[in-house]
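Bear in mind the structure is a predicted one, so any value in this text is a computation, not a measurement.
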Amino acid sequence: MAADINASEMETALAGEVLFFGLLGEMIYTYPDPKTKTREWMKELLEDDIFVESPFAGDQEQVQEGMRLLQSWVEASRQRPLDEVMVDLQADNTNLFAVLNNLLAPPWESVYFNEKRLLNQEQMLDVRKWYQHYGLVNRKLYQEADDHIGLELIFTGYLADQALKAKAKGDEAKYEELVKAQHDFLNNHLLLWGGLWCDQVLKYAKTDYYRGLATAVKG
C-alpha cells in the first residue's frame with residue numbers, strides 16, 4: 001500500500017512539474033515584444049488567474065511568494081494598456097539579460113562557471129547533448145546558447161512529461177530511466193547555478209513579473 005501511495009504521489013508531482021516548469025521556463029525564455037505573437041500570449045496570461053495557486057511545490061514558502069508576486073503583477077497590469085505593460089517588461093528583460101557589457105543576471109549556465117563570464121563553454125555543450133539524447137534540438141541552434149535557464153526548465157518539464165507517458169504505456173523501465181534522467185540533469189546542471197541566477201534577478205529586477213519568476217524558481 002505504501003509503495004502504491006508513493007507511486008501515486010510521484011505521478012502527481014510529475015504532472016505538476018510538467019505544467020509548472022514548462023510555464024516558468026517559457027515565461028523566462030520569451031522576450032516580451034508587443035510587436036510579435038508574444039503579445040497574444042501575454043494577453044492570455046493576464047486574462048487567466050493561473051498564478052492563484054501552484055501545480056507543484058505549492059507548500060514551499062518561496063513558491064507561494066513567487067505566485068503572489070506574479071498574481072500581483074497580473075492584477076496591476078489589467079489596469080493598464082497591454083503594450084505599455086510589455087514595454088516595461090521589455091526594459092526589465094533587457095536590463096537583466098541583454099546588456100552584453102554588463103549582464104546583471106546572465107540566464108546562461110556557462111557564465112557562472114568561468115571568471116571571464118564566457119558563453120558556450122563545456123556546460124552548454126553537455127546540456128546540448130542532453131537535449132539531443134532525448135530527440136530535442138534548440139530551435140535557435142547556433143544562434144543562442146542552449147544552457148539558457150528557460151530552456152533548462154522546459155527540458156526538466158519535458159522529461160517529467162515523457163516519464164508520465166511511459167508510465168501510461170506500462171513501460172516501467174523507461175519510466176524509471178526518465179525519472180532518473182531528470183534527477184541527474186537537475187543535479188548536474190540546474191541545481192548548481194539556478195539559485196545564483198535567482199539571487200541576481202531578485203537583486204536587480206524592477207518588475208514583479210521577474211521578481212515573481214525568480215522567487216518561484218528558487219522555491
Side-chain angles (χ1 to χ4, degrees), residues 17-18 20-32 56-57 60 62-63 65-66 69 89-163 177-207 209-219:
E17 290 172 9
V18 173
F20 200 44
F21 292 164
L23 176 62
L24 294 179
E26 197 68 43
M27 290 174 69
I28 294 166
Y29 181 69
T30 300
Y31 183 67
F56 177 72
Q60 297 294 328
Q62 286 176 313
V63 172
E65 175 61 11
L69 286 168
L89 292 184
Q90 201 173 53
D92 207 13
N93 182 290
T94 300
N95 180 58
L96 291 167
F97 310 138
V99 184
L100 296 179
N101 293 325
N102 186 30
L103 283 170
L104 299 180
W108 304 283
E109 180 178 351
S110 292
V111 176
Y112 292 82
F113 294 94
N114 65 87
E115 292 183 1
K116 295 183 179 180
R117 293 160 64 89
L118 298 175
L119 292 169
N120 302 324
Q121 302 304 297
E122 60 181 279
Q123 291 81 13
M124 191 281 288
L125 295 174
D126 190 60
V127 167
R128 180 176 292 171
K129 288 179 182 178
W130 273 91
Y131 297 168
Q132 291 175 340
H133 181 76
Y134 289 97
L136 301 175
V137 177
N138 181 359
R139 60 177 175 260
K140 295 182 181 177
L141 186 66
Y142 305 126
Q143 297 177 37
E144 66 175 14
D146 292 14
D147 56 348
H148 190 288
I149 190 167
L151 294 178
E152 291 194 13
L153 283 163
I154 291 169
F155 179 63
T156 303
Y158 174 81
L159 290 177
D161 180 61
Q162 294 302 297
E177 175 205 324
L178 286 159
V179 170
K180 183 179 185 302
Q182 191 205 54
H183 179 271
D184 291 344
F185 180 77
L186 286 168
N187 281 295
N188 290 323
H189 289 285
L190 196 54
L191 291 177
L192 295 180
W193 72 283
L196 298 173
W197 175 84
C198 293
D199 290 341
Q200 291 299 101
V201 173
L202 290 171
K203 183 176 180 179
Y204 295 110
K206 300 181 185 302
T207 62
Y209 182 86
Y210 287 109
R211 292 189 197 100
L213 286 173
T215 305
V217 170
K218 190 160 189 179

- [ ] Please name all residues satisfying side-chain contact (heavy atoms from CB on, under 4.5 Å) with A91, sequence neighbours left out, ordered by chain then number.
- [x] none

Task: Contacts of type side chain to side chain donor-acceptor pair (under 3.5 Å), residue H189, not counting sequence neighbours - done: E109, D126

Open item on the list: List the residues meeting side chain to side chain donor-acceptor pair (under 3.5 Å) with D184, not counting sequence neighbours, and say none if there are none.
Closed with: K180

TODO: Report the residues that fulfil salt bridge (Lys or Arg N to Asp or Glu O under 4.0 Å) with K206, sequence neighbours left out, ordered by chain and then residue number.
DONE: none

Task: Residue list, side chain to side chain donor-acceptor pair (under 3.5 Å) with Q182, at least two apart or on another chain - done: E17

- [ ] Output yes when a side-chain donor or acceptor of Y31 lies under 3.5 Å from a complementary backbone atom of T94, and no otherwise.
- [x] no

TODO: Enumerate the residue pairs fulfilling salt bridge (charged side-chain N to carboxylate O under 4.0 Å, His left out) with a member in residues 149-159, sequence neighbours excluded, ordered by first and then second residue.
DONE: none

Open item on the list: Centre-to-centre under 6.0 Å for F56 and F21, is that the case here?
Closed with: yes

- [ ] Using distance alone, with no hydrogens and no angle criterion, decide if E144 and Y29 have a side-chain donor and acceptor under 3.5 Å apart.
- [x] yes

Open item on the list: Just to verify, what does L191 make a side-chain contact (heavy atoms from CB on, under 4.5 Å) with, not counting sequence neighbours?
Closed with: L186, N187

Open item on the list: For Y209, give me all partners under side chain to side chain donor-acceptor pair (under 3.5 Å), at least two apart in sequence or on another chain.
Closed with: none

- [ ] Identify, with sequence neighbours excluded, every residue that meets salt bridge (Lys or Arg N to Asp or Glu O under 4.0 Å) alongside D161.
- [x] K165

Task: salt bridge (Lys or Arg N to Asp or Glu O under 4.0 Å) against D199, all qualifying residues, sequence neighbours excluded - done: K218

Task: Qualifying residues under side-chain contact (heavy atoms from CB on, under 4.5 Å), relative to Y134, sequence neighbours excluded - done: W130, F155, Y158, L159, E177, L178, A181

